[in-house]
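Okay, structure first, notes after.
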Amino acid sequence: MFDTALTAADLVFLAKGAGMTLLVTAIAVVLGTILGILFGVFRYQVGPWWTAPLTFVLDVFRSIPLLIQLVLANAFMGMVLRWQLSGFTVACGVLTMYTAAYCAEIVRGGIEAVPMTTRRAARSLGLSWGQDMVNIVMPLATRVALPSWIGLALGVMKDSALVYVVQVTELLKSTQILITRLQEPLFLLLICGAFYFLISFPLARLGGYLERRWSHD
Amino acid sequence: MFGYTFQWKQALARLPQMLDGALVTLQIALLSMALGILLAILLTVFRRSGSRILNAIATAWVEIARNTPALFQIYMAHFGVASFGIHLSPFTSLLIGITFNNAGYLAENFRGALKAIPDTQARAGRSLGMTPLQSFRYVVMPQMLRIAFLPMTNQMVWAILMTSLGVTVGMNTDLYGVTQDLNALTFRTFELFALAAVIFYLMTKTVQFGARLIAARMFRY
């Protein structure tokens with residue numbers, strides 16, 4: 001098992017794949033979180049009736065396999081609209097919406113966890129809606145939402161393994177390419193799995209720690 | 001509106017084949033859920049057993065299942081075990097991969113549910129003369145499954161969505177695999193996958209609705 005044909009160039013190739021995984025994840029999580037906060041606040045503020053279309057669209061993103069979302073978005077952009085988008089753009093776009101769909105739920109849960117009395121107290125002290133949102137709701141909601149948000153970000157990183165379907169060579173795809181050439185599936189897959197694990201595990205632990213620490217007071 | 005002519009009829013003509021695929025998808029999801037729940041209960045027992053080895057096995061399982069991509073787990077179940085000379089069919093690999101994933105996530109859900117059950121429950125069972133295992137089986141477990149019912153529903157939805165990954169190990173009888181094969185035949189990519197998306201959406205909604213009915217019926221008191 002330790003006798004391998006893996007060369008330094010192959011390791012660089014793998015590292016590039018890992019970089020792509022992290023890049024796609026970072027873009028999707030940052031943009032998706034911004035969108036998710038907007039959607040979540042909007043849904044909470046406007047109420048369930050008028051935001052039903054938005055709720056439905058976000059629900060669709062959570063009820064359809066990511067693989068199909070990617071293929072559909074790619075086919076729609078390429079075949080129907082005939083836009084020349086790179087697979088990278090499509091992957092980032094779809095993953096952003098996917099993140100936003102889950103993030104909106106987390107944000108809504110966070111806002112709902114802030115007691116109404118606290119917010120009314122803030123408003124009766126003369127704070128505007130915006131001040132109340134930024135100074136009262138945001139700090140309290142973050143405590144509730146952050147552990148789930150960490151879980152979401154890690155989930156997106158793991159799900160970004162599917163963007164190979166729009167020709168983005170991320171970590172798992174580059175591993176597969178190397179497997180085809182070197183015929184050492186177990187060894188290469190273990191390297192790949194270890195990479196995901198080493199990023200995901202400490203952050204998941206941090207999320208669990210924050211959840212425990214913040215749930216007591 | 002678009003410079004593209006939609007051929008919905010061609011896709012709809014393939015609907016029966018896709019529905020057959022949907023049945024296979026449901027079959028895999030249900031099987032992996034049933035096995036996953038059993039394994040998750042086993043892992044929960046392992047973690048509570050006090051044995052260091054059993055605890056280590058269960059913890060390793062849960063952490064690997066939760067911290068690596070599902071696609072990676074399915075690859076391991078297919079290409080990984082092939083290194084040991086074990087060649088599994090795509091169906092078996094997919095089932096093993098999803099079951100492994102389900103068991104890990106469910107075990108963590110069960111652990112969360114157990115926190116909500118007071119220790120006195122298990123001790124009351126013990127003082128009635130039950131063995132530790134009996135008190136877990138007849139007193140704690142029913143409450144645990146009840147608390148974890150909603151997360152279990154979510155996991156079932158995940159299992160349905162995860163079946164689409166089977167195509168990467170050569171599965172071509174599930175909904176995604178069938179759709180991809182039809183796509184290779186007809187090149188109506190958008191129409192076919194849109195139809196598959198609708199079927200997936202209906203399946204997940206049916207599962208969620210059904211779970212709500214079951215919960216209303218089972219947890220009335």
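Each chain gets a letter, A, B and so on, in the order the sequences are listed, and its residues count up from 1.
In terms of non-hydrogen atom pairs under 4.5 Å with chain B, the most contact-rich of A/L162, A/L81, A/L66, A/L154 is A/L162. The candidate from A/S63, A/C192, A/P185 with the greatest count of non-hydrogen atom pairs under 4.5 Å with chain B is A/S63. Chain A forms the most heavy-atom pairs under 4.5 Å with one residue out of B/W158, B/F79, B/Y75, and that residue is B/Y75. Most heavy-atom pairs under 4.5 Å with chain A, from the set B/N67, B/V81, B/T5, B/L161: that is B/N67. Taking chain A as the reference chain and counting heavy-atom pairs below 4.5 Å, the highest number among B/G80, B/A194, B/A197 is found for B/A197. For chain A, the option among B/V157, B/L165, B/L192 with the highest count of heavy-atom pairs below 4.5 Å is B/L165.
Atoms OG1 and CD1, on B/T68 and A/I199 in that order, are 12.5 Å from each other to the nearest 0.5 Å. Atoms CD and CZ, on A/Q69 and B/F200 in that order, are 11.0 Å from each other to the nearest 0.5 Å. Here the straight-line distance linking atom CG of A/L189 with atom NE2 of B/H78 works out to 11.5 Å at 0.5 Å rounding. Note that CZ of B/R66 and CZ of A/F197 are 11.0 Å apart. Values are rounded to the nearest 0.5 Å. How far CG of A/L72 is from CD of B/E191: 10.0 Å, rounded to the nearest 0.5 Å. With rounding to the nearest 0.5 Å, the separation of OG1 in B/T204 from CD1 in A/I64 is 7.5 Å.
The minimum heavy-atom distance between B/F193 and A/I68, with the atom names listed, is O-CG2, 3.8 Å. Here the shortest heavy-atom pairing between A/L172 and B/F72 reads CD2-N, 3.9 Å.
Using a 4.5 Å cut-off between heavy atoms, A/Q176 contacts chain B through its side chain alone, with no backbone atom that close. For chain A, the nearby parts of B/I64 are the backbone and the side chain; heavy atoms of each come within less than 4.5 Å. Contact of A/F195 with chain B is not made at all, since no heavy-atom distance falls under 4.5 Å. In this structure, chain A has a heavy atom under 4.5 Å from the side chain of B/Y176, while its backbone stays farther away. Proximity to chain B is limited to the side chain of A/R205, based on heavy atoms less than 4.5 angstrom apart. Heavy atoms of B/V198 lying under 4.5 Å from chain A are absent altogether.
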**Report entry** Stepwise side-chain contact (heavy atoms from CB on, under 4.5 Å) test for B/F84 and A/L186
**Finding:** CA-CA 9 Å; B/F84 300 111; A/L186 190 64; 3.4 Å; yes

Requested in this report: Decide yes or no on side-chain contact (heavy atoms from CB on, under 4.5 Å) for A/D59 and B/K205, but give the supporting numbers first.
Outcome: CA-CA 10 Å; A/D59 190 45; B/K205 285 299 127 185; 2.6 Å; yes

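For B/F6, the CZ atom sits in a packed shell: over 12 heavy atoms of surrounding residues, nucleotides or ligands are nearer than 6.0 Å. Surrounding CD1 of B/I53 are at most 12 heavy atoms belonging to other residues, nucleotides or ligands under 6.0 Å away. For A/Q84, the CD atom sits in a loose shell: 12 or fewer heavy atoms of surrounding residues, nucleotides or ligands are nearer than 6.0 Å.
Partners of B/A215 according to the side-chain contact (heavy atoms from CB on, under 4.5 Å) rule, which considers only residues two or more places apart in sequence or in another chain, are B/F149, B/F219.
Considering only heavy atoms from C-beta on, A/D159 stays 4.5 Å or farther from B/L71 through its side chain.
Within the structure, ring-ring contact (aromatic ring centres under 6.0 Å, His included) contacts touching residues 20-77 of chain A (residues at least two apart or in different chains) are A/F56-B/Y201, A/F76-B/F2, A/F76-B/F190.
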